[in-house]
Amino acid sequence: MKKIAIILLTIVLFGGWTQLLNAQYTFWEPEGESFAIEVSLENTDLMRLPIYRNAVQSLIVTGDHIVAGTTADEGLAPFVYVASISQREMISYSDLEETIPGQRSIQSDFCQGTDGTLYAGTIANKDNYGKRGAGHLIAVDVDRDGAIAIQDLGSPVPGEGIFALTCDAAGSTIFGISYPTGKFFTYDIASGEEEVFDDIVPTDSERRDFRHYVQTPDMYLSRALVENERGMIYGSSGLNNIFYFNPEEKSFTILDETLPEVWGRTSLGQVQAWATSEDGLLYGGNRGDGELFILNPETGSVKNLGKPVLMHQLRGLAFGRDGKLYGVAGGPPGYGHLFSYDEEKGFHIYGNPQFTMVAPGIEQGIDWRAFNMSRLASSPDGKYIVIGEDESLSQLLIFAVAE
Amino acid sequence: MQTKELALSLFPLFLIIVLAGSTANCQTAANIFDGATITEKNIDFIFYPGFPEQHSTWNSIGYSPTSNSVFMGVTDHVKTTALYEYLPESGDMINRGYIADLANLREFQWQGKVHSKFVEGPNGDVYFSTDGGVLRSVHFRDHPNGYRGGFFMKWDTEKEKLTNLGYGMEYDAIKDMDVDPETGVMYGISFPQVHFLVYDADKNDFRDLGRLGGGHVPRHNFTDWWGNVYYVDWRQRLVKYEKSTEELVFARESLPSFEGTPGKTIITGITAFAKDEENGVIYLITYGAKVLAFYPTEDGIGEVVDLGGVIDTGDDRPWAPYVPNMNVGDNGKLYYFVGGHRQYVIEDHTLLVEMDPATGERNILYKFHVSEMREATGSNTKDKDGNLYFAGRKLGQDAIDSDENVEVTESTPFMIKFNPGKEVR
């Protein structure tokens, strides 16, 4: 009897081991409705974006519409495009070159005004003398059928691009950070009046520090801004600092507590993404070492939740309808990984997710595996987590969140 | 020829395959055609001396006309790869040393294998690239115990010296590479991100032209006689790096495939190629088991002609046979081994097929049990005497009996030398 038990145990263990080995050649493929949308493809009659102009840097989901703003290689122009979740395809796009020539990037993220209009900022291409022109604030209207109308609202900070922005809850004011200097600005949507502040511009001493650590403005300016329930605007500044702007008093406050850091790496601090929980806590991602943290805006305390993966960067955060926080951790020169976080279970890391992409010509469906995920957003009902890629030919991945 | 007509013409062959399958378990190479001019003396298996831990070879074979020798990268499929050179005139197989030692690699720069072809560049130097290619590179990658990235390498055939020409992408392997014979500019394919890399080592000018693939990395790129380079995108469309413009040009249509070919097969692209420069054609085999004749043009993308399937499977899965190898003989016919990676037309057997592109006729020349030869890889490797070379491997009985992933079980690699026109042993 004992001998039989040993044999059975051996079979079970061996079977498990071989399954484990085979499992190592597989990748996480979500069940259910998850899928990829082919957005980019060269030389085709299909509605697709061309190579080197499609890296997703701004992403928002409004109803059935995924609205994305792209970044192009130097000298090329970006797009705003709309994809339909229900139709599982891109349904419209607009070449920014046709509205505002000379722009390279829409990377500020989108925010939404009172009437549903979306706002974003651009960064310009360099001219023939190597000087970068001014970026513009743009208003993006998407109608029910997905048609895009872009309006140029001018340059809120003369000679500067727009690196990050957010709107207030009322949808009446835009708050942003200029590029490459890092000036903070406000823009009143109704009147078009703007105001510029130098308070969080890196000091000469900080810039010297950045230079010695070979940190450029895209690495140290706050990549994301967020408004808390009391209407304060939060972001990162300087060497690992967190600031907030009080719109009524037009004042800036640097919190006593800083972004979570590895000692000696304060020069790497940058908030890359924010997400607000139902109880008003601000979840943030720090580029420096890829830490997820919670900022309690009432107390100013920062809780470091740790690093989901080894690599640095935390490039996107959004809550799903299951109450979990979803995000993208890691990035170039390594690989991005999709993760979720909840208070009870902590982190769950899905690795490089693989989704099925179906389109004319590939009706049987092909595997699309995501390595370089740049932005992440949830649908208003939290049913879908949408991920945008940052590739030469970038696609969208849509993860259906379980109920 | 229409697919249906081709299928009918090949039906007798299918019967032969079935009959051959019924006499399986032969222990030595055997010509299954009585009275044929090709006998077991037209093929030879040549083993690699001096590397006890050797496990396999993976497309890592190529011919150098200048030195009239064949190069192979042989791996233990863990972290050690040895460089071998075969001299056709003397018949010597020489172990040139371990690549890590020859290239002064540190332990953390371990390389799982060479997965690229060996190809001659300017001055008779032979170029290749290195690959992670083992379990920990697939999943650990940017972990400290993972893979740090592949290198471009150059072997000086005269001085017998290996030079490390530098990295491709950080953490990505270089699955395949080719070289411009005029300029020495190298063209690499990264794994797993499927980036197309252009590297001029003389100027240390490295360009990453971006991602071209989906969830799998097509294993081959290849050049034409003008120095243009070809690859495929996730729709299995040819992508050409045009030397004159230094830009990528995408074909509008996908390469031909059988109806019902799964998406996982489509994204794997081309598994083998063979050049017939005299006739201006490059033959291709896709992972979906199509044989194609590609007629490149200096500018733009040339014509592709569908020559049908690699073999008649006799079922509704014509796309299923696995053919990761091909050579073209001096007689203009194509030679390739069908089978491998648990994909066999006849269970546990590989078949050497002769295919005449002019007539579409296909003959099975040899049938091997996986204990004799499990699969062959390698493309476009022919010496000046018309000998064709493949990188073969066979499985031990324990691996045949096992349900384990065959990549982690024992196997024995060897070089295959074949000449349809004369005896080689």
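Because only heavy atoms are used, hydrogens play no part in the values below, and waters and symmetry mates are left out as well, while side chains stay in.
For chain B, no part of A/Glu363 is nearby; none of its heavy atoms comes within less than 4.5 Å. Only the side chain of A/Tyr52 comes within contact range of chain B, judged by heavy atoms closer than 4.5 Å. The contact between B/His195 and chain A is made entirely by side chain atoms (from C-beta outward), counting heavy-atom distances below 4.5 Å. Only the side chain of A/Asn352 comes within less than 4.5 Å of a heavy atom in chain B; its backbone stays farther off.
Cation-pi geometry between B/Arg211 and A/Phe371 is not met: the NZ or CZ atom fails to fall both under 6.0 Å from the ring centre and inside 45° of the normal.
Taken from CG in B/Asp233 to CG in A/Leu41, the straight-line distance is 6.5 Å, to the nearest 0.5 Å.
When the candidates B/Thr261, B/Leu209, B/Thr265, B/Asp208 are compared by the number of heavy-atom contacts under 4.5 Å with chain A, B/Leu209 comes out ahead. Counting heavy-atom pairs closer than 4.5 Å to chain B, the top-ranked of the candidates A/Asn372, A/Asp45, A/Val358 is A/Asp45. Of the listed residues B/Asp172, B/Ile266, B/Val194, B/Leu212, the one with more heavy-atom pairs under 4.5 angstrom with chain A than any other is B/Asp172.
A salt bridge does not link B/Arg237 to A/Glu42: none of the charged nitrogens lies less than 4.0 Å from a carboxylate oxygen.
Using a 4.5 Å heavy-atom threshold, the side chains of A/Leu310 and B/Phe140 count as separate. In this structure, A/Ile51 and B/Glu247 have side chains that are not in contact, with every pair of non-hydrogen atoms separated by 4.5 Å or more. Counting heavy atoms from C-beta on, the side chains of B/Pro192 and A/Arg369 come closer than 4.5 Å.
Nearest heavy-atom pair across A/Gly361 and B/Arg235 is CA-NH1, 3.8 Å.
Annotation: A/Glu29, atom CD; neighbour count of heavy atoms from other residues, nucleotides and ligands within 6.0 Å is above 12. Applying the 6.0 Å contact sphere to OH of A/Tyr93 captures no more than 12 heavy atoms from other residues, nucleotides or ligands. Within a 6.0 Å sphere centred on CD of A/Glu74, heavy atoms belonging to other residues, nucleotides or ligands number more than 12.
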- side chain to side chain contact (heavy atoms under 4.5 Å, CB included) evaluation trace for B/Trp234 with A/Leu393: CA-CA 11 Å; B/Trp234 61 87; A/Leu393 291 158; 3.8 Å; yes
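Looking at A/Asp367, its side chain never comes within 3.5 Å of a backbone N or O of B/Lys264 through a donor-acceptor pair. Under a 3.5 Å cut-off, the side chain of B/Asp142 and the backbone N or O of A/Tyr335 do form a donor-acceptor pair.
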